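Have a look at the structure below, then the notes.
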Amino acid sequence: MNFSFRRKIDNYIYVIVLAVAIFLAGCQPENVREEKALRRELAKEMRNHSYETAVPIARQLVRKQPQDGRTWKRLLQAQLGLRDFDGAKQTLLDWRTTVQPAPTHTDEYEGDIARAENDLPRALEAWRKAAAVQPKRRSAFDKIAELEQSRQHWNEAFDAWTGSLKAKDNSRARINRAICARRLRRWDEAISDLHHAQKLAGQDAEVQRWSKAFENLGKFLDEIRELDAKLVELPGDVDLLGERALMLLRSGDPELALDDCEVAVRMAPWAIRPKLFQAIALIALQRPKECERLSIRQPLRLESLNAEFLETISRLDSAISVEPKNSDHYAARSWQLNEIGQPLLALQDAEMAAKLDPKSASACAEVSFALTKLGRAYDAFARILAAAELDPNVASVWQYRGELEMQRGNNMAAIESLSRALTIEQTAAALQKREECYRRVGLLARADEDHRAWQTLTAKGLK
């Protein structure tokens, strides 16, 4: 009974309060109601990015309430949305003139205008001024940090995110400072910030993405730290940079690998291993077109480069750095590059070898191999003929000449060339090719003979 009475009283009170509110609203002056309607309309137009409509509404409100900083800000933002930079500058001047003393946060908006005009030095100067005056205002620090990070100024971005965190701890600043620390190889700070970000916003998509990246990196971090320490002692060592780039690629961090590769390529433009790693990093970063300037043919995957190849290429790179005019080093490296399907790089090395030693049959042969892979069969055949003339005692030259003659349909000439190769050195590959030629011309007994010889060699594990 008492409860029912209490409910009736509460309902009466609610009706009375509602009636009073309606009455008071109706008693508001027309200009107040109009101003509130304009503010609602301005907020809606700004949400919808309808800046052309928002500008005149904001101007009306500024005339009505010239001390209202929020409306000045919306007017300026609408003008920036329209890319009316002159109008935005005039608004900023009028704001500072009208409101005295001028609001300190207008320095930040001056930076926003400069950023929109792509005047980055002026934007940074204005934002830094705003941040110095109002160190508890995060937004200026965030803008500095984002711009410096986009320019890969990692130290400056790290410091700006630190300013943002001093204003207020937040996961966005934490994860971005971790990214900057990672680019600076400040691993302990990076991991510490990552853990803080996970505590603040463990379910955030960006935090989860970087958590996975750091988890993969952690599997190789001890080895990477060792290479970091060695590079402190030997800064710019191309072999060490290549090793660290390889380790970073294996850890799934192509960005950091690319940093090392670019340094190594600048310091040692003759070296091939950093170029291959650079291309792999670019492909992983969805920038495959940039491989063209490196003369790298796709596809190229780290998994396709076995340990023996990487060791050999590293050794040849080092040999070329010591003996840059040794034709044999370039010819040997060209052979390796032809084997992994990189004919453009192989051709460059083979042509360098031929230039250094015009009488080198192996250099001439490597040019021919590369040209064949590049679809230049006519030029390739001319170069293998030249190689055979330069040195008629190289088995691989005669074998490849025979293979090209097979492709041209000249099976009798191919048999002769392959026989020359087998006279110098008996290989399973040459026997197999000659057997094929014999069968093409109907010399089946000789084909069977080669087949038996091939079986004997392959049983011994010979190629």
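Heavy-atom basis, side chains included; hydrogens, waters and symmetry copies ignored. Along the sequence shown, residues are numbered consecutively beginning with 1. This one's a predicted model, so the numbers in the text were calculated from it and none came from an experiment.
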Should E233 and K230 be marked as a side-chain contact (heavy atoms from CB on, under 4.5 Å) after you check the CA-CA gap, both sets of side-chain angles, and the distance that decides it? CA-CA 5 Å; E233 297 296 322; K230 289 178 181 178; 5.7 Å; no
Audit row: W270, S321, side-chain contact (heavy atoms from CB on, under 4.5 Å) steps and yes/no: CA-CA 8 Å; W270 66 84; S321 72; 3.4 Å; yes
Pair R182-E255, salt bridge (Lys or Arg N to Asp or Glu O under 4.0 Å): steps then yes or no: CA-CA 10 Å; R182 158 183 155 273; E255 281 186 327; 2.8 Å; yes
Quick one: do R225 and L221 satisfy side-chain contact (heavy atoms from CB on, under 4.5 Å)? Show the steps, please. CA-CA 6 Å; R225 285 181 192 269; L221 197 51; 3.9 Å; yes
Pair Y438, D448 - check side-chain contact (heavy atoms from CB on, under 4.5 Å), show working. CA-CA 9 Å; Y438 279 142; D448 291 341; over 6 Å; no
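The closest donor-acceptor contact from the side chain of W398 to the backbone of P392 lies under 3.5 Å. A donor-acceptor pair under 3.5 Å is absent between the side-chain atoms of S314 and the main chain of E311, judged by distance alone. At distances below 3.5 Å, not a single donor-acceptor pair connects side-chain atoms of D259 with backbone N or O atoms of R183. With hydrogens and angles ignored, the 3.5 Å screen pairs no side-chain donor or acceptor of S334 with any backbone N or O of Y330. Q149 places no side-chain N or O within 3.5 Å of a backbone atom of C180 that could act as its donor or acceptor partner. With N170 contributing its side chain and K168 its backbone, the two residues share a donor-acceptor pair below 3.5 Å. Using a distance-only test at 3.5 Å, with no hydrogens or angles considered, no donor-acceptor pair links the side chain of S50 to the main chain of T53. Not a single donor-acceptor pair under 3.5 Å links the side chain of D169 to the backbone N or O of L165. No side-chain donor-acceptor contact under 3.5 Å links S417 to the backbone of A414. S419 places a side-chain N or O within donor-acceptor distance of the main-chain N or O of I415, the cut-off being under 3.5 Å.
Between R287 and E290, at least one side-chain nitrogen of the basic residue sits less than 4.0 Å from a carboxylate oxygen of the acidic one, meeting the salt-bridge criterion. In this structure, R244 does not pair ionically with E223, as no charged nitrogen and carboxylate oxygen lie closer than 4.0 Å. Between D193 and R177, at least one side-chain N (NZ, or NE/NH1/NH2) sits under 4.0 Å from a carboxylate O, which counts as a salt bridge. Taking 4.0 Å as the cut-off between side-chain N and carboxylate O, K89 and D94 do not count as a salt-bridged pair. Taking 4.0 Å as the cut-off between side-chain N and carboxylate O, D107 and R128 do not count as a salt-bridged pair. Salt bridge E117/R122: present, at least one basic N to carboxylate O contact under 4.0 Å. Salt-bridge formation is detected for the pair E206/R209: a Lys NZ or Arg NE/NH1/NH2 atom is positioned less than 4.0 Å from an Asp or Glu carboxylate oxygen. Between E292 and K289, no side-chain nitrogen of the basic residue sits less than 4.0 Å from a carboxylate oxygen of the acidic one, so the salt-bridge criterion is not met.
Counting heavy atoms from C-beta outward, S368 and Y400 have side chains that approach closer than 4.5 Å. At a threshold of 4.5 Å between non-hydrogen side-chain atoms, the residues S362 and V394 do not count as touching. You'll find the side chain of Q77 stays beyond 4.5 Å of the side chain of D112, heavy atoms only. Contact annotation: the side chain of P274 never approaches that of L241 to less than 4.5 Å [non-hydrogen atoms, C-beta and beyond]. The side-chain heavy atoms of L404 and T372, taken from C-beta on, include a pair separated by under 4.5 Å. A heavy-atom distance below 4.5 Å is found between the side chains of L246 and L310. Two residues are said to be in side-chain contact when any heavy atoms from C-beta on lie closer than 4.5 Å; D391 and V397 fail this criterion.
A pairwise comparison of heavy atoms in R151 and L124 identifies NH1-CD1, 3.1 Å as the closest pair. The two residues R383 and C364 come nearest to each other via the heavy atoms O-SG, 3.2 Å. Across all non-hydrogen atoms, the minimal contact from A281 to P254 is CB-O, 3.6 Å. Nearest heavy atom pair, residue I144 against residue A131, reads CD1-CB, 4.4 Å. For the pair L294 and K275, the tightest heavy-atom approach, listed with the atom from each and the gap, is CD1-O, 4.1 Å. Nearest heavy atom pair, residue V441 against residue N411, reads CG1-CB, 3.7 Å.
The 12-atom threshold is not exceeded at CD of E52, counting heavy atoms of other residues, nucleotides or ligands nearer than 6.0 Å. Surrounding CD of E125 are at most 12 heavy atoms belonging to other residues, nucleotides or ligands under 6.0 Å away. Environment of CD in E416: sparse, with no more than 12 heavy atoms of neighbouring residues, nucleotides or ligands closer than 6.0 Å.
Of the options K433, Q432, R439, a side chain to side chain donor-acceptor pair (under 3.5 Å) to E435 is made by R439 and by none of the others. Across L300, N306, L302, a single residue satisfies side-chain contact (heavy atoms from CB on, under 4.5 Å) together with S304, and that is L300. Shown are E403, E405, Q399; of these, the side chain to side chain donor-acceptor pair (under 3.5 Å) with R401 is made only by E405. Between R273 and the options D317, V265, L305, L316, a side-chain contact (heavy atoms from CB on, under 4.5 Å) holds for only D317.
A donor-acceptor contact closer than 3.5 angstrom is absent between the side chains of E148 and W154. With hydrogens and angles left out, the side-chain atoms of Q342 and N338 include no donor and acceptor closer than 3.5 Å. Using a 3.5 Å distance cut-off with no hydrogens or angles, the side chains of S251 and N216 do not pair a donor with an acceptor.
Legend: residues meeting side chain to side chain contact (heavy atoms under 4.5 Å, CB included) with A123, ordered by chain and number and at least two apart, are A114, R115, W127. Listed by chain and number, the residues in a ring pair (Phe, Tyr, Trp, His ring centres under 6.0 Å) with W187 amount to none (sequence neighbours excluded). In this view, Y109 and W95, H105 satisfy the ring pair (Phe, Tyr, Trp, His ring centres under 6.0 Å) rule, not counting sequence neighbours. With sequence neighbours left out, the ring pair (Phe, Tyr, Trp, His ring centres under 6.0 Å) criterion links F158 to no other residue. Not counting sequence neighbours, F220 has no partner by the ring pair (Phe, Tyr, Trp, His ring centres under 6.0 Å) test.
D450 contributes atom CG, which lies 9.0 Å from atom CG of L418 (distance to the nearest 0.5 angstrom). Separation of atoms CG (L231) and CD (E226) is listed at 12.0 Å; rounding is to 0.5 Å. One finds the CG atom of L194 at 10.0 Å from the CD atom of E215 (value rounded to the nearest 0.5 Å).
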Exercise answer: donor-acceptor pairs, residues 349-359 side-chain atoms, under 3.5 Å, sequence neighbours excluded:
from, atom 1, to, atom 2, distance (Å)
D349, OD1, R333, NH2, 3.0
D349, OD2, R333, NE, 2.6
D349, OD2, R333, NH2, 3.3
D357, OD1, K359, N, 3.1

